[in-house]
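Everything on this sheet refers to the single structure shown next.
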Amino acid sequence: MFKQVIVKKISKSFVNGLTTSDLGKPDYEKALEQHAKYVEALKKCGVEATVLEADERFPDSTFVEDTAIVTEKCAIITNPGADSRNGEIVDMKEVLKKFYDTLEYIKSPGTLDGGDVLQVQDHFYIGLSDRTNEEGAKQLIAILEKYGYTGTIVPLEKFFHLKTGIAYLGDRDMVVAGEFIDHDLFKDFNQIKIDADEEYAANCIRVNDYVIMPKGYEKAKKRIEDAGYQTIELEMSEFRKQDGGLSCLSLRF
Ligand code: CIR
């Protein structure tokens with residue numbers, strides 16, 4: 001059960017954030033609207049939302065997921081791999097101090113983005129990407145082990161972040177796309193497979209009684225619903241333009 005989420009409002013500078021996509025510049029007003037609906041959807045799932053003010057210094061700072069790993073037993077401040085995003089952790093540290101007695105830290109030369117970390121009960125999968133290096137992943141596993149958790153490193157082939165292509169829904173149900181379909185590490189889960197033309201839908205989140213997923217991916221929606229989940233669909237077009245998915249917009253704990 002998640003009780004809390006942390007989200008951060010979009011800054012006007014958001015439109016100048018990092019991206020590898022060729023989908024064009026986001027529309028700030030539209031993004032604001034989509035973000036408001038995202039927060040509304042989370043509240044519908046029964047969580048309390050801490051909504052942080054926008055920070056113009058950091059265009060990508062609405063993607064709070066990359067700045068921390070939050071669990072039942074501990075919170076870890078990451079060391080984001082993109083230089084322009086690294087300073088985002090300074091404020092997140094202060095916010096998380098309100099929820100956790102102690103904080104752990106990923107330290108240089110280790111780098112790690114929260115988007116590369118997938119929790120499956122007491123086990124964590126950590127993707128090695130352009131943002132997360134082996135040193136960062138190893139530091140994270142060492143920290144998690146102090147709290148009784150375990151971790152596995154997953155080298156990525158194509159995906160931007162690990163969770164760009166995979167989501168854990170609970171009860172051994174795993175949404176998988178691209179390189180994660182029939183991947184050795186995930187083959188023993190009940191795989192809900194996402195077709196190549198709907199890959200963006202693999203980044204969805206289970207929040208209590210609902211799976212929140214991007215709008216417009218009918219095959220993915222049906223497969224998730226056929227697996228027994230109630231879905232909430234959200235328009236994500238403006239975040240997609242900035243390489244952002246649904247999970248990136250919140251910390252859930
Ligand atoms: C970035 O490049 O860092 C942002 N434009 C997108 C971050 C997306 N975060 C995530 O997938 N966890």
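Residues: numbered from 1 along the sequence shown. Each ligand, and each atom within it, is numbered from 1 in the order the structure gives. Heavy atoms only: backbone and side chains are in, while hydrogens, waters and symmetry mates are out.
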* Structure fact -> Those residues with a heavy-atom separation under 4.0 Å from ligand 1 are L18, D60, F63, E65, D66, R85, G115, R131, F160, H161, Q242, D243, G244, C248
* Structure fact -> Exactly one of L185, L118, I166 clears side chain to side chain contact (heavy atoms under 4.5 Å, CB included) with F180, and that residue is I166
* Asked: Can you list the other members of the hydrophobic cluster that holds V95, where links are side-chain heavy atoms under 4.5 angstrom apart?
  -> I6, L52, V64, V70, I77, I89, M92, L96, F99, Y100, L103, Y105, L251, F253
* Cluster partners of F124, using ILVMFWY side-chain heavy atoms under 4.5 angstrom, listed by chain and number? -> I69, I76, I106, L112, V117, I126, L128, L140, I141, I143, L144, Y147, Y149, I153
* Check whether any side-chain heavy atom of L162 sits under 4.5 Å from a side-chain heavy atom of T132, and report yes or no. => no
* Do P214 and L246 touch side chain to side chain, with heavy atoms closer than 4.5 Å? -> yes
* **Results of salt bridge (charged side-chain N to carboxylate O under 4.0 Å, His left out) for R206 - residues two or more places apart only** => none
